[in-house]
Q: 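First the structure, then my questions, so here it is.
In what follows, every chain begins at residue 1, and chains take the letters A, B, ... in the order their sequences are listed. Being a predicted model, the structure only gives us computed values, none of them experimental.
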Amino acid sequence: MKFQTIRGVHDGLPAVVARWQQVERVARTIFHSHSFDEVRLPILEQTALFTRSVGEATDIVAKEMYRFVDRGGDDLCLRPEGTAGAVRAFIQGGLGRAGEQRWFYVGPMFRRERPQKGRLRQFQQIGVERFGAAGPVADIEMLTMAWSLVAELGIQQVRLELNSLGCPSCRPGYRDALVAFLQQCEGDLCATCRDRMATNPMRVLDCKVASCQQALTDAPEMLHHLCGDCDTHFGAIQRGLDIPVTINPRIVRGLDYYNRTAFEIVTDQLGAQGTVIAGGRYDGLVQELGGAATPAIGFALGLERIGLLLSDPPATRAEVAVVALGEGALIPSLRAAEQLRAAGLRTIHCGGGGGKRQFKQADRCGARFTIILGEDEVAQGTWTVRNMGEGSQQQCDPASAMAQLVQHFATTRTSKE
RNA sequence: GUGGACGUAGUUCAAUGGUAGAGCCCCGGCUUGUGAUGCCGGUUGUUGGGGGUUCGAGUCCCCUCGUCCACCCCA
């Protein structure tokens, strides 16, 4: 019997994790510069949290959750997304009175979908949430932060698409107008769209069936039905944004809690899974989940998916290798390795034994220098330092060897970054 | 959930129904205190798994697991 990961769940082996860390490092730098703090939230939550927030009728809740009853009889699930839990934590922690909250998190999410490239059943998201800011400035800052994240990662050929979904005072009116329109052209719509007219008419807008899109050419747009406040808000965002934006009136978030700003950063390099970052405003959610009315906005990105767009990060390699020649050199060589590590040098010990084997290992691990300790060196209290690139080596006293190595790597490290 | 392509050594790939192979990697030797180049030699498979057809199956059929693509959904 051979064990293997279950469908849509992948191992993070070193080469892959290096990629994730590259994304995380850039993200953390940007988030910290905007004064966002990390939170770590549960993976297991009550199922009701998601049915209430994401929406009973959404695909995520209706057919993609890993849901079970635990031994105590509680209805639980593996979180399919991060915002609901963040809002729950915000309310539970009593942070509504603690001033504006700026949070981010990194962690696994679970959705039982059919796997594809860029779509896994267990995947990691970086999420960002900001509570307490209603004005367009917050939207502009969030969009800018998302955009600079993509830019900093060197990802090319992406575009920012923006829409407004209105609010409880203007969306019902739009919805009625849309339904009226859809009823007129009902005969031209596909079966799913006809069903959605009743359950979620706005989802009809992003149907990909050609005949539907044709029928929808003259469909009313939310942007033309925004109330005064929503229209002002949307206009202010566009004026304040210093990045190229495509207005896409067909962006409809698949989660029910969004209002006003909805956006995606998309690429066409990933086939059907082209959304790299997605987010929007959810001003009603905190209240919906039992907290005091609190405006909020957030976005999320999939680590594995964005990782597909990154060029290979340089493998992290050892800087110094230690070779011990002869039994008597073994213990001193271990001490030498410890000294090198204490000085901040990334060091591997080649394990003693055959010289050929050890030098081969020193070469393979990428070390630029090898410290050689044999009976002679031990007797004289010296190290032999071999420059692996040049093939040259010299015997010197440990203190000055260390100083030179530290100096060398201090300069090469900074020139690389 | 629907439709389709694919699955052979660690890896990338071969093999008209007739003995499962090659490159790279890895290991050893030439060189027991010297790697990366060179030469010589070596290991490696229940052909994803299970059943069936056949004298004979990597190859054909069925089931199953996984990967990928499209739909769908979304990060």
Q: Using a distance-only test with no angle check, is there a side-chain donor-acceptor pair under 3.5 angstrom linking A/Y105 and A/Q125?
A: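 No - no donor-acceptor pair under 3.5 Å links their side chains.
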Q: Under 4.0 Å between any heavy atoms, over every strand shown, what does A/E264 touch: base, sugar-phosphate, or nothing? Just pick one.
A: nothing
Q: Going by purine N1 to pyrimidine N3 plus the second Watson-Crick contact, or the G-U wobble pair, all under 3.5 Å, which nucleotide sits opposite B/G1?
A: B/C71
Q: Pick the P atom in B/U43 and in B/G28, then give their distance to the nearest Å.
A: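 Taking atom P in both B/U43 and B/G28, they lie 15 Å apart.
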Q: Report which part of the nucleic acid A/R364 touches: base, sugar-phosphate, or nothing (heavy-atom distance under 4.0 Å, all strands).
A: sugar-phosphate
Q: For the C1' atoms, the ones on B/U12 and on B/U64, what distance do you get once it is rounded to whole angstrom?
A: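 My reading of the C1' atoms in B/U12 and B/U64 gives 27 Å.
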Q: Locate the shortest heavy-atom distance separating A/A362 from A/C365; write the atom from each residue and the value.
A: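 Shortest heavy-atom separation between A/A362 and A/C365 comes out as O-SG, 3.3 Å.
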Q: Determine the Euclidean distance between corresponding C1' atoms of B/G18 and B/U11; express it in Å to zero decimal places.
A: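 Result for the C1' pair: 29 Å, nearest Å.
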Q: Does a donor on one side chain sit under 3.5 Å from an acceptor on the other, for A/T246 and A/E161?
A: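 Side chains of A/T246 and A/E161: no pair found under 3.5 Å.
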Q: Could you tell me how far apart A/K360 (NZ) and B/U32 (P) are, to the nearest whole angstrom?
A: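 So the NZ-P distance, A/K360 to B/U32, works out to 14 Å.
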Q: Reckon A/A272 touches a base, only the sugar-phosphate, or nothing at all at heavy-atom distances under 4.0 Å?
A: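 Result for A/A272 = base.
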Q: Is it true that the side chains of A/H233 and A/S164 contain a donor and an acceptor less than 3.5 Å apart?
A: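 No - no donor-acceptor pair under 3.5 Å links their side chains.
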Q: Output the single nucleotide from B/C74, B/G66, B/G33 whose closest atom is nearest the side chain of A/T275.
A: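 Selected nucleotide (nearest to the side chain): B/C74.
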Q: Base, sugar-phosphate, or nothing: which does A/Q124 touch, judged by heavy atoms less than 4.0 Å apart?
A: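 Nothing, no heavy atom under 4.0 Å.
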Q: Could you check whether the side chain of A/Q4 and the base of B/G49 have a donor-acceptor pair of N or O atoms closer than 3.5 Å, going by distance alone?
A: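 Answer is no: no donor-acceptor pair is held.
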Q: At 4.0 Å (heavy atoms only), tell me whether A/G326 reaches a base, stays on the sugar-phosphate, or touches nothing.
A: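 Touches nothing.
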Q: Rounded to whole Å, please give me the gap between NZ in A/K117 and C1' in B/C68.
A: 7 Å
Q: About how many Å separate CD of A/Q395 and CD1 of A/I372, when rounded to the nearest 0.5 Å?
A: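 Reported to 0.5 Å precision, the distance equals 9.5 Å.
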Q: Counting the benzene-type ring for Trp, do A/F131 and A/F90 have ring centres under 6.0 Å apart?
A: yes
Q: With no angle test and no hydrogens, is the base of B/G35 tied to the side chain of A/R386 by a donor-acceptor pair under 3.5 Å?
A: yes
Q: Quick one: look up who B/U54 pairs with, Watson-Crick or G-U, both distances under 3.5 Å, and put none if it's unpaired.
A: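 When the pairing criteria are applied, nothing turns out to pair with B/U54, so the answer is none.
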Q: Output the rounded distance in Å from CG (A/L149) to C1' (B/A75).
A: 13 Å
Q: Pick out which of A/E100, A/Q101, A/H34 makes a side-chain hydrogen bond (donor to acceptor under 3.5 Å, both in side chains) with A/R130.
A: A/E100
Q: Within the 4.0 Å heavy-atom criterion, would you say A/V323 contacts the bases, only the backbone, or no part of the nucleic acid?
A: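 The answer is nothing, as A/V323 stays clear of every strand by at least 4.0 Å.
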Q: Decide yes or no, distance alone: a donor-acceptor N/O pair under 3.5 angstrom between the base of B/C72 and the side-chain of A/R119.
A: yes
Q: May I ask which nucleotide in the shown strands pairs with B/G66, Watson-Crick or G-U wobble, both distances under 3.5 Å?
A: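 Its partner is B/C6 (Watson-Crick or G-U wobble, both distances under 3.5 Å).
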Q: Return the 5'-most residue of the pair A/R305, A/G374 with respect to RNA chain B, ranking by each residue's nearest nucleotide.
A: A/G374
Q: So, under a plain 3.5 Å distance rule, would you say the side chain of A/Q393 forms a donor-acceptor pair with the base of B/U34?
A: yes
Q: Need one value for A/E377: base, sugar-phosphate or nothing, where a base atom within 4.0 Å counts as base even if backbone is also close, heavy atoms only.
A: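 It contacts base atoms.
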Q: Give me the distance, rounded to whole Å, that separates B/U53 from B/C62 when you measure between the C1' atoms they each carry.
A: 11 Å
Q: Contact class for A/G391 vs. all strands (heavy atom < 4.0 Å): base, sugar-phosphate, or nothing?
A: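 The residue A/G391 makes base contact.
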Q: Give the rounded distance in Å between these two atoms: CG of A/N387 and C1' of B/U34.
A: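 So the CG-C1' distance, A/N387 to B/U34, works out to 14 Å.
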Q: Rounded off to whole Å, could you give me the CG-to-P distance for the A/L270 and B/A70 pair?
A: 10 Å
Q: The side chain of A/F359 lies closest to which of these nucleotides: B/U34, B/C72, B/G33?
A: B/U34
Q: In whole Å, measure the gap between the C1' atoms of B/A15 and B/A9 for me.
A: 14 Å
Q: Between atom CG in A/L373 and atom C1' in B/U34, what is the gap in whole Å?
A: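 In whole Å, B/U34 C1' lies 14 Å from A/L373 CG.
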Q: Using atom P of each nucleotide, how far apart are B/U8 and B/G48 to the nearest Å?
A: 6 Å
Q: Please report whether the ring centroid of A/H408 lies less than 6.0 Å from that of A/F369.
A: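 Distance test on ring centres: under 6.0 Å, yes.
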Q: Rounded to whole Å, how long is the line connecting atom CD of A/Q116 with atom C1' of B/A75?
A: 13 Å
Q: Take atom CG of A/D363 and atom C1' of B/A36, then tell me their distance rounded to the nearest Å.
A: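 Going from CG in A/D363 over to C1' in B/A36 covers 4 Å.
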Q: When you measure from the side-chain N and O atoms of A/K356 to the phosphate of B/G35, is any distance below 4.0 Å, counting only OP1 and OP2?
A: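 Answer yes for this pair, as a side-chain N or O of A/K356 is under 4.0 Å from OP1 or OP2.
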Q: Go through the side-chain N and O atoms of A/N163 and A/N248 and say whether any donor and acceptor fall under 3.5 Å apart.
A: no
Q: Which sits closer to the 5' end of RNA chain B, A/P115 or A/G353, going by the nucleotide each is nearest to?
A: A/G353
Q: Which value, in whole Å, describes the distance between the P atoms of nucleotides B/C24 and B/U31?
A: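 Roughly 24 Å separates the two P atoms.
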Q: Just checking A/L303: base, sugar-phosphate only, or nothing, at a heavy-atom cut-off of under 4.0 Å?
A: nothing
Q: Considering only the P atoms, how many Å lie between B/U19 and B/G56, rounded to the nearest integer?
A: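 The answer is 15 Å between these two P atoms.
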Q: When all nucleic acid strands are considered with a 4.0 Å heavy-atom cut-off, which category describes A/I126: base, sugar-phosphate, or nothing?
A: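 Nothing: the residue A/I126, judged by heavy atoms under 4.0 Å, touches no strand.
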Q: Establish, with yes or no, whether the OP1 or OP2 oxygen of B/C74 is under 4.0 angstrom from a side-chain nitrogen or oxygen of A/R112.
A: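 Checking A/R112 against B/C74: no side-chain N or O falls below 4.0 Å of OP1 or OP2.
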Q: For B/U67, take OP1 and OP2 only and decide whether either is under 4.0 Å from a side-chain N or O of A/H10.
A: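 Yes, A/H10 has a side-chain N/O under 4.0 Å of OP1/OP2 on B/U67.
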Q: Report yes if a side-chain nitrogen or oxygen of A/R114 is closer than 4.0 Å to either non-bridging phosphate oxygen (OP1 or OP2) of B/C69; otherwise report no.
A: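 The answer is no; no side-chain N or O of A/R114 sits under 4.0 Å from OP1 or OP2.
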Q: Tell me the partner of B/C30, counting only Watson-Crick (N1-N3 plus N6-O4 or O6-N4) or G-U wobble (N1-O2 and O6-N3) with both under 3.5 Å; none if nothing fits.
A: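 For B/C30, the partner nucleotide comes out as B/G38, under the 3.5 Å rule.
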